[in-house]
Amino acid sequence: MSIANPFQPLNYQVIADSIATLLFPHAEVILHDLKTQQVVYIANNLSKRKIGDDSALDELPSDSFAAQSIGPYEKLNWDGQRLRSITSILRDEQGQAVMALCINLNYSVLEQARDALNLFFQSSRIMPQPEALFRDDWQERINTFMHAWLNKNSLGLNSLRREDKRQLVEALYHERAFEGRSAFDYVANVLSMGRATVYKYVKALREESLS
């Protein structure tokens, strides 16, 4: 919820509200009046600050207000969560610094997502494939060879032309991928081909090898 100050220029409030709305619920936007050194507007209050609070911007180096923005920098919120902040200096028509717009982004949800992904992808949690279980996994062998062939030829599975598919079926044949009856259906399905077409290619290769 935004808390308005009737003396605050409306366009600054619109900017603050737009940023807070776009990044909701993770961002708070605070407007500081540089003349009074007070908080004059808050959009999506995360910090529990109030209108009229001391801005404490006088603690910044005097040359800070010559810059367009200050940051990003990190702060600790009241609830112990980390905020990443940036302060932009807003100027009037004469170029005088009149307002500071401070965006406080709570990025703890991103840290949690990062930690969850790191835990999920920990290589120490993955055991080698059990040899007894995968010794006869013909699908695994087809997949491994097929993607190695695609990488070698700089091709993508979803962008193969008819001739590319024929060459891939030929390469799979020479790898003895079609010894199992179900392999025809599997390759046809993966390559978005008709089973009859795959069988026709393989039949021609077999006849060629016998001639």
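For the single chain, residues carry numbers from 1 onward in sequence order.
Nearest heavy atom pair, residue Asn44 against residue Ala27, reads ND2-O, 2.6 Å.
With sequence neighbours left out, the side chain to side chain donor-acceptor pair (under 3.5 Å) criterion links Asn189 to no other residue.
Here the CG-CG distance, from Asn118 to Asp115, works out to 6.5 Å after rounding to the nearest 0.5 Å. Atom CG of residue Leu191 and atom CG of residue Leu160 lie 6.5 Å apart, to the nearest 0.5 angstrom. Atom OG in Ser192 sits 7.5 Å away from atom CG in Asn158 (nearest 0.5 Å). Annotation: the span from Tyr201 atom OH to Arg206 atom CZ amounts to 16.0 Å, rounded to 0.5 Å. Between the CD atom in Glu175 and the CE atom in Met146 there is a gap of 13.0 Å [rounded to 0.5 Å]. Note that CG of Leu23 is 11.5 Å distant from CG of Asn104, once rounded to the nearest 0.5 Å.
Residues Tyr107 and Leu83 fall into different hydrophobic clusters, defined by Ile, Leu, Val, Met, Phe, Trp and Tyr side chains chained together at heavy-atom separations under 4.5 Å.
In this structure, the side chain of Asn143 does not engage the main chain of His147 through any donor-acceptor pair within 3.5 Å. At least one donor-acceptor pair under 3.5 Å links the side chain of Ser55 to the backbone N or O of Gln38. Judged by distance alone, the side chain of Lys75 and the main-chain N or O of Arg84 form no donor-acceptor pair under 3.5 Å. Here the side chain of Thr197 pairs no donor or acceptor atom with the backbone of Met193 at under 3.5 angstrom. In this structure, Glu28 contributes its side chain and Leu46 its backbone to a donor-acceptor pair below 3.5 Å. In this structure, Asn77 contributes its side chain and Asp79 its backbone to no donor-acceptor pair below 3.5 Å. When atom types are taken as modelled, the side chain of Gln37 and the backbone of Leu34 share a donor-acceptor pair closer than 3.5 angstrom. For Asp53 (side chain) and Arg49 (main-chain N/O), no donor-acceptor pair under 3.5 Å exists by modelled atom type.
Phe184 has its ring centre less than 6.0 Å from the ring centre of Tyr199.
Atom CD of Glu163 is surrounded by more than 12 heavy atoms from other residues, nucleotides or ligands within 6.0 Å. Atom CZ of Arg176 has 12 or fewer heavy atoms from other residues, nucleotides or ligands within 6.0 Å.
Side-chain contact between Arg162 and Arg166: absent, with no pair of heavy atoms (C-beta onward) separated by less than 4.5 Å.
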